[in-house]
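Below, each value reflects all heavy atoms present in this structure, side chains not excepted, and no hydrogens, waters or symmetry copies.
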Amino acid sequence: MEMPYEDFSSGFSLDEERRKLSETGPEGRRAFFRLLRASSFLIPCKADNPTEIKIINTGDGEAFLPLFTDNCELEKWPFPRESATVLPYDKLKSIVIEKCETVSGLVINPFGNSMTLRLPQIQEIDALTAGFSFEKTNDCYEKLFIPLFVSPKQLTNRLTALFDSREGIYRAHIMLVQTHTELVPHLCLLIDFSGDKTELFPEVAKVVHPFLTKGDRFEIIKADFNSLAAAAKTCAPFYDKYGV
């Protein structure tokens, strides 16, 4: 099948950026990471479903998302290839975090002069460029919701502005949460919404980050029936699209 990406370029020249990285030290490292995060990549997918992207399984049982910087690199793909889609790095990174039990990381140009980024390296890139990193929490632990003593009005106002600018966000609670494995609770945002959390959660994190101090943990949870019921017993929502 003919691919419509002959002229695509991620703008991220892996060999060139590696050369700069070796010459410019820590500041070059940050510049390298910023450029990587600003780039988009080609990734093979199903012809009838662009959201069903391909993975590479290694001989030792690991799986990676394959990222290609241009169509020349994509042409090296040795497996049956139905189609391809263009996705930004941050979206691909979020897929790895969400599926960390089965996907080990990203590999750029896997059949050329490749670069492999496992989850700890992905988190390091976020920490150095954004000041925070993401991890998937363990949903099997029972969570205790605890009300805040004081409502963080400036934060909730900014979150309200974000939610008002997006479709499909219905309700949100802000509170503390604690599992039986934790000594102290941490801040939590429970959001009732439809759509992809790998798109919404990074936007929310950018709003929340300035209100945190170094070392603070902050959890974002996509609401379900049980968590909404537990939150409603803990505190009123600060955001309610329908005012119920």
Side-chain angles (χ1 to χ4, degrees), residues 1-24 28-130 133-136 139 195-202:
M1 180 177 177
E2 190 69 23
M3 298 301 299
Y5 300 111
E6 290 82 359
D7 298 325
F8 173 83
S9 173
S10 68
F12 184 80
S13 172
L14 192 52
D15 290 341
E16 176 64 16
E17 294 306 320
R18 268 183 167 148
R19 183 189 63 77
K20 291 179 186 176
L21 183 62
S22 67
E23 295 174 354
T24 53
R29 192 163 173 247
R30 286 188 179 86
F32 177 88
F33 290 160
R34 289 190 196 103
L35 180 60
L36 175 63
R37 289 195 61 195
S39 298
S40 294
F41 297 89
L42 284 169
I43 186 165
C45 65
K46 293 278 286 185
D48 58 350
N49 185 5
T51 64
E52 190 175 332
I53 58 180
K54 304 289 187 177
I55 61 171
I56 293 178
N57 292 295
T58 67
D60 55 4
E62 288 189 297
F64 293 86
L65 298 186
L67 283 55
F68 297 90
T69 54
D70 54 42
N71 196 58
C72 291
E73 290 294 335
L74 181 63
E75 289 293 337
K76 299 175 184 178
W77 178 259
F79 311 111
R81 177 160 53 90
E82 300 178 37
S83 187
T85 189
V86 176
L87 291 173
Y89 168 87
D90 274 355
K91 170 69 173 179
L92 294 160
K93 168 206 73 180
S94 296
I95 293 172
V96 172
I97 294 169
E98 178 63 22
K99 299 183 179 296
C100 60
E101 296 89 351
T102 55
V103 178
S104 298
L106 308 169
V107 56
I108 303 172
N109 293 342
F111 305 104
N113 187 12
S114 65
M115 170 179 282
T116 301
L117 300 171
R118 287 179 168 80
L119 183 57
Q121 293 164 303
I122 290 169
Q123 291 171 324
E124 179 189 11
I125 289 168
D126 276 349
L128 286 174
T129 56
S133 62
F134 292 94
E135 63 179 274
K136 186 177 181 180
D139 293 331
D196 187 351
K197 64 183 178 182
T198 64
E199 295 179 2
L200 176 63
F201 283 12

Between [X] and [Y], what is the shortest heavy-atom contact and its length?
X	Y	result
Phe33	Leu128	CE1-CD1, 3.6 Å
Leu74	Ala84	CD2-CB, 3.9 Å
Leu92	Leu65	O-CD1, 3.8 Å
Ala63	Asn57	CB-OD1, 3.5 Å
Phe68	Phe8	O-CE2, 4.2 Å

Could you tell me which residues satisfy side-chain contact (heavy atoms from CB on, under 4.5 Å) with Ala38, sequence neighbours excluded, listed by chain and number?
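Expected list: none.
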Looking at residues at least two apart in the chain, or sitting in another chain, which of them share a side-chain contact (heavy atoms from CB on, under 4.5 Å) with Leu35?
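Here the qualifying residues are Phe12, Glu17, Ser39.
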Once side-chain hydrogen bond (donor to acceptor under 3.5 Å, both in side chains) is applied, do any residues pair with [X], and if so which ones, sequence neighbours excluded?
X	result
Lys76	Glu73
Ser94	none
Ser40	none
Arg118	Glu62

Sub-4.5 Å side-chain heavy-atom contact between [X] and [Y]:
X	Y	answer
Thr85	Leu42	no
Ile122	Tyr89	yes
Val107	Leu117	no
Val103	Phe64	no

How long is the straight-line distance from [atom2] of [Y] back to [atom1] of [X], given to the nearest 0.5 Å?
X	Y	atom1	atom2	value
Lys93	Gln123	NZ	CD	10.0 Å
Ser104	Leu119	OG	CG	9.0 Å
Asp90	Glu199	CG	CD	11.5 Å
Leu106	Thr116	CG	OG1	9.5 Å
Cys100	Ile95	SG	CD1	13.0 Å

Show your working on side chain to side chain donor-acceptor pair (under 3.5 Å) between Thr129 and Arg37 and close with a plain yes or no.
CA-CA 9 Å; Thr129 56; Arg37 289 195 61 195; 2.9 Å; yes
Is there a side chain to side chain donor-acceptor pair (under 3.5 Å) between Asn109 and Ser114? Walk through the geometry before answering.
CA-CA 5 Å; Asn109 293 342; Ser114 65; over 6 Å; no
Could you walk me through whether Ile97 and Phe201 pass the side chain to side chain contact (heavy atoms under 4.5 Å, CB included) test, one step at a time?
CA-CA 12 Å; Ile97 294 169; Phe201 283 12; over 6 Å; no
Step by step, work out the side chain to side chain contact (heavy atoms under 4.5 Å, CB included) result for Arg34 and Leu36.
CA-CA 5 Å; Arg34 289 190 196 103; Leu36 175 63; over 6 Å; no
Listed by chain and number, what are the salt bridge (charged side-chain N to carboxylate O under 4.0 Å, His left out) partners of Asp15, not counting sequence neighbours?
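Here no residue qualifies.
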Which side-chain N or O atoms in residues 43-54 pair as donor and acceptor under 3.5 Å with protein atoms at least two apart or in another chain?
residue : atom : partner : partner atom : Å
Asn49   : OD1  : Thr51   : N            : 3.2
Asn49   : OD1  : Thr51   : OG1          : 2.6

